[in-house]
A.B. asks: 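The structure's right below; bear with me while I get my questions together.
Given the structure is predicted, the values throughout are model-derived calculations rather than measurements. Convention: sequence-line order gives letters A, B, ...; per-chain numbering from 1.
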2 protein chains.
Amino acid sequence: MTKVKLDDIDVQILDHLQSDGRMTNVDLARKVGISAPPCLRRVRALEESGYIKGYHAEVDAEALGFEVTVFAMVGLASQAESDLVAFEERVRNMPLVRECWMLNGEIDFILKIVARDLAEFQGFLTRELTPAPNVASVKTSFTIRNGKHAPGVPFGLPPRPARAR
Amino acid sequence: MTKVKLDDIDVQILDHLQSDGRMTNVDLARKVGISAPPCLRRVRALEESGYIKGYHAEVDAEALGFEVTVFAMVGLASQAESDLVAFEERVRNMPLVRECWMLNGEIDFILKIVARDLAEFQGFLTRELTPAPNVASVKTSFTIRNGKHAPGVPFGLPPRPARAR
DNA sequence: ATTGAAATAAAAGACTA
DNA sequence: TAGTCTTTTATTTCAAT
């Protein structure tokens, strides 16, 4: 099911779809230099093998009334694997938590939280996140503004930065 | 150009496209309960007014060989607005920096950095980020794994959590 | 595995209500 | 502003190389 290796065209397809997920297949095919049918087959294969996990419209949070974005650093009392998994499962059911990453070092998790306003965020923090089982510490940092929001991964780098030339 | 107010159908459209950005207009129209042409007109209006900023394929970073995701907390020497903007402009030209948020408090910026491997990240950190003008401090936290990655904003919440009922 | 052509389906536009 | 009809364009399948 999973393709063994991606060739250069596959990577170009991923790069283009990462930038413009609604590009038509004929445009995509033209840009990567093959005809439409094989291009579509490659896209389907990339989807089925999991290299493409989904497609999403990027919305303007502020314009839609979500004016509060906060990063929360969460420390847990127990770092047993089952407790880490339980915490992840819990945040998966918290709509305001948009991203959750497990970190090394002192802090156990970093969460990206999006709320309509300060009241909504405060209610979430004091009634849902802080009182959650096993949560030992929560430190929050409010975002002032977003300076860059690039999707996904940095294709188009030198695969290995040449060390000496 | 910008629509004055979004009605319930517009919000449903945004919610659906945020979850599945390649849904066909016919499917979308059916799900929100209107016919295809007005649905497409709404989508175009949402795009042109900036509520929809773009569409992106979500790719599997690890499967594609990007095994290092790091959050970096960056403090600047000068927080004059022109210097803040200059830093944002600089990270916009760093492909490994995928997101940049300005924060309140001690730390000035949080960056999400994606690299293929530790060597690539270390090279970036020591040769590009730390030596950049005005950078006073950089603290990095490596991610162990991703527990949740939801796109965009939490539609489908009670618009105001009822305070008493 | 790609191409080129045919069939199907969706998107875009004109018009009506 | 929504809906119906029509045209255009894209997607998908299939035969052939």
A.B. asks: Is a side-chain N or O of B:E58 found less than 3.5 angstrom from the main chain of A:H56, in a donor-acceptor match?
C.D. replies: no
A.B. asks: Would a distance-only check, ignoring hydrogens and angles, find a side-chain to backbone donor-acceptor pair under 3.5 Å from A:T69 to A:T143?
C.D. replies: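 Pair absent, no side-chain N/O of A:T69 close to backbone of A:T143.
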A.B. asks: Which atoms form the tightest heavy-atom contact between A:F155 and A:V11, and what is the distance?
C.D. replies: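 Minimum heavy-atom contact is CD2-CG1, 3.7 Å.
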A.B. asks: Whole angstrom is fine here: how far is it from CG in B:D8 over to C1' in D:dT1?
C.D. replies: 16 Å
A.B. asks: Rounded off to whole Å, could you give me the CD1-to-C1' distance for the B:I34 and C:dA11 pair?
C.D. replies: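 That distance rounds to 15 Å.
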A.B. asks: Report, as yes or no, whether the 6.0 Å neighbourhood of atom NZ on B:K31 holds more than 12 heavy atoms from other residues, nucleotides or ligands.
C.D. replies: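 No - once you tally the heavy atoms of other residues, nucleotides and ligands closer than 6.0 Å, there are 12 at most.
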A.B. asks: Under 4.0 Å from OP1 or OP2 of D:dA2: is there any side-chain N or O of B:S35 that close?
C.D. replies: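 B:S35 to D:dA2 OP1/OP2: no side-chain N or O under 4.0 Å.
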A.B. asks: With rounding to the nearest 0.5 angstrom, report the CZ to CZ distance, B:F121 to B:F66.
C.D. replies: 15.0 Å
A.B. asks: Can you list, by residue number, the residues of residues 12-31 of chain B that have a non-hydrogen atom closer than 4.0 angstrom to DNA chain C?
C.D. replies: B:T24, B:N25, B:V26
A.B. asks: One character per nucleotide, please: for nucleotides 12-17 of chain C, 5' to 3', B when the base has a protein heavy atom closer than 4.0 Å, S when only the sugar-phosphate does, - otherwise.
C.D. replies: BB----
A.B. asks: Salt bridge between A:E81 and B:R145, side-chain N to carboxylate O under 4.0 Å?
C.D. replies: yes
A.B. asks: With sequence neighbours excluded, give me every side-chain hydrogen bond (donor to acceptor under 3.5 Å, both in side chains) pair touching residues 100-111 of chain A.
C.D. replies: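 Counting only pairs at least two positions apart or across chains, the side-chain hydrogen bond (donor to acceptor under 3.5 Å, both in side chains) contacts touching residues 100-111 of chain A are A:Q79-A:D108, A:E99-A:W101.
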A.B. asks: What heavy-atom pair brings B:R22 and A:L17 nearest, and what distance separates the two atoms?
C.D. replies: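 Looks like NH1-CD2, 3.7 Å.
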